Amino acid sequence: MSTFRSIVFASVISGFIVGLIVTVVQQFGTVPLILKAEVFEKAAETHQHDAQATAQPAAAGHDHAAHDHVDHDHDHGAGDHDHGTGAWEPRDGFERNAYTAAANVLTAIGFALLLAGFFAVRSGAIGASVSWHEGLLWGLAGFAVFTLAPGLGLPPELPGVPAAPLLSRQIWWLAAVLATAGGLALIAFGRSVPAAIAGVILLTLPHLIGAPELANIETNVPSSLTHQFVTAVTVTSLVFWTLLGGLTSAVFARFDRGAELRA
């Protein structure tokens, strides 16, 4: 039970700290780029709405001239089709930042639980607590599994940039994560040439298959803004995982007194 408490306490403390730090980093990196992209997205939506509004009266006039009887109720309903379909989103400012911070903290705690579980197994196997240096390596492995490998096929997307269907992207993302995790595990712990070869095959397999993508992408979001966003997200994720790996291992070793007894 003491090991379980150590896992929980280390995860909550590390996740809370890292989540808040990443939230601050995002305010200077990804958030300004998202806000810029939303300006382009709303401008495109306004332009599309104006074009539809301009085309609709012309189409209605043409139909009236061609037919003696017009279904006015049908035309009225078509004009109101888009009203009330907007999704809820938090207001800019404190509310939006608070939701972002809460999501980051919860995400960090979840991944810290995963790391702390690995550290508990690892410390039991080696008979000593996991150092923060090794925790840093585990954090880099998490970065490779959850950000770097999936990002090669499905880079982060800004608002207003079309993407392939969500389900197909989720399936490929999960396959890339599992294949990368399995490949790294075979290379790091297989301790044999066949295991290393199998690991390399697993690492490359999702990318040989290819991620789902659209044939044609039409967006008014500048490509330079997209490139900046991909870089910012990658750097932020690297900060997230390195801090989470090192801090979780250090805090877990502090709480896990049983590791010292096994040493």
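Along the sequence shown, residues are numbered consecutively beginning with 1. The model shown is predicted, which means the values in this text are computed figures rather than measured ones.
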query: How long is the gap from CH2 on W241 to CG on L115, to the nearest 0.5 Å?
result: 5.5 Å
field: Exercise: identify the closest heavy-atom pair between A120 and I7
entry: CB-CD1, 3.9 Å
Less than 3.5 Å apart, which donor and acceptor atoms pair up between the side chains of residues 17-37 and the rest of the protein, not counting sequence neighbours?
unit_1	atom_1	unit_2	atom_2	d
T23	OG1	G19	O	2.7
T23	OG1	N104	ND2	2.9
Q26	OE1	N104	ND2	2.8

query: Any ion pair linking R122 and E134 (charged N to carboxylate O, less than 4.0 Å)?
result: yes
- request: Give a yes or no on whether F146 and L137 share a hydrophobic cluster (residues Ile, Leu, Val, Met, Phe, Trp, Tyr; joining criterion: side-chain heavy atoms under 4.5 Å apart).
  value: yes
- prompt: Hey, is the main chain of P165 close enough, under 3.5 Å, to the side chain of S168 for a donor-acceptor pair?
  reply: yes
- prompt: How far apart are the closest heavy atoms of G153 and W172, and which atoms are they?
  reply: CA-CH2, 3.6 Å
message: Between F240 and F143, is the ring pair (Phe, Tyr, Trp, His ring centres under 6.0 Å) condition met? List the steps.
response: CA-CA 8 Å; F240 172 88; F143 169 73; over 10 Å; no
- request: Measure the spacing between CG of D256 and OG of S2 and express it to the nearest 0.5 Å.
  value: 6.5 Å
query: Closest heavy-atom contact between P156 and V230?
result: O-CG2, 3.9 Å
field: Under 3.5 Å donor-acceptor, S237 side chain and T147 backbone
entry: no
message: So does F40 get a backbone contact from the side chain of N220, meaning a donor-acceptor N/O pair under 3.5 Å?
response: yes
statement: When every non-hydrogen atom of G15 is compared with those of A108, the smallest separation belongs to O-CB, 3.3 Å
task: Given side chain to side chain contact (heavy atoms under 4.5 Å, CB included), test Q170 with L174 step by step and report yes or no.
output: CA-CA 6 Å; Q170 289 177 331; L174 181 60; over 6 Å; no
Under 3.5 Å, sequence neighbours excluded: what are the donor-acceptor pairs made by side chains of residues 192-209?
unit_1	atom_1	unit_2	atom_2	d
S192	OG	A195	N	3.3
T204	OG1	V200	O	3.1
T204	OG1	I201	O	3.1

- request: Evaluate side chain to side chain contact (heavy atoms under 4.5 Å, CB included) for T236 paired with V239, printing each intermediate quantity in order.
  value: CA-CA 5 Å; T236 302; V239 172; 5.7 Å; no
statement: Heavy-atom nearest pair, L184 first then A141, reads CD1-O, 4.2 Å
Got a list of side-chain donor-acceptor pairs under 3.5 Å for residues 243-253, not counting sequence neighbours?
unit_1	atom_1	unit_2	atom_2	d
T248	OG1	L244	O	2.6
S249	OG	G245	O	3.1
S249	OG	G246	O	2.8

Where V8 and L113 come nearest, the two heavy atoms and their spacing: CA-CD2, 4.3 Å
message: Quick check against the 3.5 Å criterion: does S6 have a side-chain atom that pairs as donor or acceptor with the backbone of F255?
response: yes
- prompt: About how many Å separate CZ of F119 and CG of L114, when rounded to the nearest 0.5 Å?
  reply: 9.5 Å
field: Check: S129 main-chain N/O paired with S123 side-chain donor or acceptor under 3.5 Å
entry: no
task: State the CG-OG1 distance between L148 and T180, to the nearest 0.5 angstrom.
output: 8.5 Å
query: Are F189 and V177 linked, directly or through other ILVMFWY residues, by side chains that come within less than 4.5 angstrom of each other?
result: yes
- request: Treat each ILVMFWY residue as a node, draw an edge where side-chain heavy atoms are under 4.5 Å apart, and state whether L136 and L238 are in one component.
  value: no
